[in-house]
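Protein chains get the first letters and strands the later ones, always in sequence-line order, with residue 1 at the start of each. Since we're looking at a predicted model, the values are computed, not measured.
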2 protein chains.
Amino acid sequence: MATIKDVARAAGVSTATVSAVVNDTAYVSPELRGRVLAAVRDLRYAPSLVARNLRSGRSQLIALAVADLANPFYARIVTAAEAAVAAWGYSLVLFNSDEKPDIEKRILSRIRTLGCDGSVLVPVGPESQYQRRDFEGGVPVVLLGRSIGDAGVDTVTIDNVSAGKQATNYLLDLGHREIGSITGPTQLTTGSGRLQGMLEAMAARGLAPKTGHVRSGEFREDTAYSVARDLLGQLARPTALYVANGVMAIGVMRAVADLGLRCPEDISIASTDTVAGAGGLKPRLTRTEHPVADMTNEALRMLVDRIEDKVTLPARNVVFQPALVVGESCAPVR
Amino acid sequence: MATIKDVARAAGVSTATVSAVVNDTAYVSPELRGRVLAAVRDLRYAPSLVARNLRSGRSQLIALAVADLANPFYARIVTAAEAAVAAWGYSLVLFNSDEKPDIEKRILSRIRTLGCDGSVLVPVGPESQYQRRDFEGGVPVVLLGRSIGDAGVDTVTIDNVSAGKQATNYLLDLGHREIGSITGPTQLTTGSGRLQGMLEAMAARGLAPKTGHVRSGEFREDTAYSVARDLLGQLARPTALYVANGVMAIGVMRAVADLGLRCPEDISIASTDTVAGAGGLKPRLTRTEHPVADMTNEALRMLVDRIEDKVTLPARNVVFQPALVVGESCAPVR
DNA sequence: CTCTCTTAGCTAATCGTTTAGCTGTCTCTT
DNA sequence: AAGAGACAGCTAAACGATTAGCTAAGAGAG
């Protein structure tokens with residue numbers, strides 16, 4: 001790879017002049033400018049970002065660490081983030097913490113080392129893991145999807161309580177009274193919030209799920225499948241089920257089919273968040289959808305603000321609202 | 001951010017000693033070593049990769065440029081690549097060319113500028129776009145999924161002809177004679193190869209698809225949906241359909257349902273490659289599956305070989321074999 | 001004609017590391 | 001007791017860019 005010195009030598013000028021021409025940062029006579037540009041072409045010179053960044057302290061890199069790349073929900077975040085990052089003139093460095101707090105720790109230190117200008121993080125650890133000082137003075141961070149107490153950090157989340165409420169109210173409006181739920185991990189705000197919303201919606205009508213009708217599916221398709229098989233195989237099964245995420249909904253649908261039940265005739269299913277392939281699912285799921293792209297864009301806008309302004313605004317927490325999308329997976333209770 | 005100088009000052013040693021301790025590259029007395037480590041902890045020092053890389057000429061970055069991030073097939077590649085890259089001690093920089101050759105060009109120059117140590121590329125341009133010298137002497141490249149003539153570049157591909165053959169032979173063995181196909185773009189080897197395999201399989205039994213029974217679905221769900229609706233709405237519709245990828249298969253299934261047809265009773269569907277959510281699809285698709293993870297791992301192994309060996313081995317082309325996975329979407333012809 | 005002002009283009013310092021090569025101390029040998 | 005060898009730890013030179021500050025030459029004014 002040719003360096004700025006090679007170009008300077010070839011054009012018979014100093015490196016300062018080459019830099020001036022390349023970055024268009026000072027006037028250079030047409031004659032020299034021509035010689036420099038010719039040399040650049042001949043030597044196929046591309047300035048080294050590494051060197052440039054060492055000097056400027058910027059890396060033009062934004063890191064994104066998601067909780068589970070294999071989950072289509074995060075795949076959508078990645079897609080949106082790549083586009084947004086590119087639009088802002090940065091490049092995206094991608095990490096997968098695989099829901100493991102210790103991997104996340106390593107990722108965070110790697111992000112520091114790489115000198116990323118900022119990072120978007122879907123936190124996976126228990127709240128206790130994070131300390132305020134982890135974020136202060138280091139690489140600017142925006143948390144996405146999950147919040148972690150009052151870490152004094154910008155955060156973009158969905159209103160999980162509202163998601164659970166909307167889906168459950170829809171089922172209640174159809175006349176269902178015995179509603180069960182397959183929840184996510186309750187130590188995550190996405191898990192506990194949705195469950196809370198469901199419980200609140202039922203409580204508002206003086207109802208509560210039967211014991212054993214609320215079970216954790218760990219946000220995983222296979223776990224949800226087994227739990228649903230077990231739950232729906234019982235005699236006293238609920239007439240409707242609220243499933244806390246899209247991947248689990250697919251597992252539940254499979255369990256329903258394998259048990260010989262029909263949806264929505266025998267059991268109504270409503271879920272929160274969706275997955276890419278779910279469009280082809282029959283029946284189409286009734287669900288609350290997250291504005292994933294909007295949330296991701298907002299997170300990056302906030303991050304770039306922090307990076308480029310350097311103003312120490314107080315941390316903001318932007319909450320998006322889920323929207324109920326009616327499919328064919330719910331029917332009035334018989 | 002603390003620098004190596006700050007640490008050196010705090011520990012009362014030279015920067016060389018700090019470097020030796022941090023990288024464990026020379027013997028340092030326990031006493032000094034202790035002081036250095038303490039200073040590192042106190043100052044939360046993390047060596048700057050930027051500076052380190054400037055010196056070493058390495059960036060520890062591997063770029064991955066895929067053709068369409070929104071396609072679950074590439075999402076799986078991204079997942080596998082992130083894991084593999086991390087396992088080799090690099091970090092992944094992700095780009096999406098969105099099937100646009102000019103965006104790809106910009107990405108390639110960005111990869112050079114960033115000083116990535118290597119890159120995995122799913123090429124989207126017409127073969128004519130690439131010139132041998134684009135790859136020679138620059139950042140090492142491995143092409144994934146699609147090949148581009150004899151660019152003298154390492155390549156990992158799937159045997160597309162075999163995929164088309166296997167799926168079609170399965171349909172033929174069930175007694176189907178009027179088989180149609182929804183293909184990908186035929187200027188891509190993934191599109192043309194699969195079609196060629198299908199035609200060869202039929203030709204081997206003295207058959208050929210009827211005119212109008214072979215149509216392009218552009219590897220897109222919505223296009224495949226419309227094409228399938230049109231194709232299957234006709235009176236003289238085929239009894240079986242070979243769909244060239246997973247996303248399109250979902251579109252086709254939707255079209256089948258919307259036309260009031262039953263699969264597999266009225267129409268058999270076989271496809272190539274799969275999508276994440278397809279596990280929940282009813283009926284389960286009969287398809288040829290790509291060993292995506294294996295292919296991605298192999299591509300990265302080859303790339304890391306190039307990066308670290310610097311041996312100028314001749315370019316290799318590794319071809320993987322697809323495997324037929326039988327679902328419930330095909331039935332014997334009536 | 002000389003003095004000042006302008007400015008094109010150069011020199012050299014800087015960013016944060018790594019590392020070749022040097023210095024000075026200590027130990028061992030004869 | 002002095003010379004040789006070993007080696008812990010230091011100094012300073014890279015890596016490839018940007019940029020503050022300098023030099024020197026040309027132009028305009030008096």
Side-chain angles (χ1 to χ4, degrees), chain A residues 1-40 43-61 109-117 138-139, chain B residues 1-40 43-61 109-117 138-139:
Chain A
M1 286 280 269
T3 74
I4 200 173
K5 281 185 194 161
D6 301 327
V7 177
R9 201 175 313 124
V13 301
S14 75
T15 61
T17 305
V18 176
S19 177
V21 170
V22 168
N23 301 304
D24 203 20
T25 172
Y27 178 82
V28 174
S29 68
E31 137 110 64
L32 288 202
R33 155 174 289 268
R35 295 220 306 264
V36 169
L37 290 177
V40 165
L43 300 172
R44 318 194 83 223
Y45 167 72
S48 150
L49 249 209
V50 178
R52 181 178 283 176
N53 292 339
L54 174 59
R55 184 121 217 299
S56 65
R58 292 284 179 81
S59 65
Q60 312 217 51
L61 256 27
S109 97
R110 175 93 187 165
I111 289 174
R112 281 190 86 203
T113 322
L114 277 172
C116 293
D117 292 338
V139 178
Chain B
M1 286 279 271
T3 75
I4 200 172
K5 280 185 195 162
D6 301 326
V7 176
R9 200 175 315 122
V13 301
S14 75
T15 62
T17 304
V18 176
S19 177
V21 170
V22 168
N23 301 304
D24 203 21
T25 171
Y27 177 83
V28 174
S29 69
E31 137 112 64
L32 288 200
R33 155 175 290 267
R35 296 219 305 265
V36 168
L37 289 178
V40 165
L43 301 172
R44 318 194 81 226
Y45 167 72
S48 149
L49 248 209
V50 178
R52 180 178 284 176
N53 292 338
L54 174 59
R55 182 115 220 303
S56 66
R58 292 283 179 80
S59 66
Q60 311 215 51
L61 257 27
S109 96
R110 175 92 188 167
I111 288 174
R112 279 190 89 203
T113 324
L114 276 173
C116 292
D117 292 338
V139 178

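Between A:Lys5 atom NZ and C:dA12 atom P the separation is 13 Å, expressed in whole Å. At whole-Å resolution of the value, OH in B:Tyr45 and C1' in C:dT18 are 10 Å apart. Distance A:Arg55 CZ to D:dT19 C1': 6 Å, rounded to the nearest Å. Atom CG of A:Asn53 and atom C1' of D:dA17 are 10 Å apart (whole Å). The interatomic distance linking A:Ile4 (CD1) with D:dC15 (C1') rounds to 13 Å, in whole Å. Rounded to whole Å, the distance from CG on A:Leu114 to C1' on C:dG16 is 15 Å. Between the C1' atom of C:dG9 and the CZ atom of A:Arg9 lies a distance of 18 Å, rounded to the nearest Å.
Counting any heavy atom pair closer than 4.0 Å across all strands shown, A:Ser14 reaches a base atom. Nucleic acid contact class of B:Val50 (heavy atoms, under 4.0 Å, all strands): none. A:Arg52 comes within 4.0 angstrom of sugar-phosphate atoms only, judged by non-hydrogen atoms across all strands, and of no base. No contact: A:Leu49 has no heavy atom under 4.0 Å from any strand. In this structure, A:Ser19 reaches the bases: a heavy-atom distance under 4.0 Å links it to at least one base atom across the strands shown.
Two residues are said to be in side-chain contact when any heavy atoms from C-beta on lie closer than 4.5 Å; B:Leu49 and A:Arg110 meet this criterion. By the 4.5 Å heavy-atom criterion applied to side chains, B:Arg33 and B:Asp24 are counted as neighbours.
Between the OG atom of B:Ser48 and the CG atom of A:Leu114 there is a distance of 9.5 Å, given to the nearest 0.5 Å.
Looking at A:Thr113, its side chain does come within 3.5 Å of a backbone N or O of A:Ser109 through a donor-acceptor pair. Proximity of a side-chain donor or acceptor of B:Ser59 to a complementary backbone N or O of B:Gly115 within less than 3.5 Å is detected.
Each of B:Thr17 and B:Leu54 was assigned the nucleotide of DNA chain C with the nearest heavy atom; the assignment lying further toward the 5' end belongs to B:Leu54. Residue-to-nucleotide proximity on DNA chain D shows that, of B:Tyr27 and A:Thr3, the 5′-proximal contact is made by B:Tyr27.
Of all nucleotides listed (C:dA8, C:dG16, C:dT18), C:dT18 comes nearest to the side chain of B:Asn23.
Applying the side chain to side chain contact (heavy atoms under 4.5 Å, CB included) test between B:Tyr45 and each of B:Asp6, B:Val36, B:Val22 identifies B:Val22 as the sole match.
Comparing the axis of the opening five pairs of the helix from C:dC1-D:dG30 to C:dT30-D:dA1 with that of the closing five pairs yields an angle of 60°, rounded to 10°.
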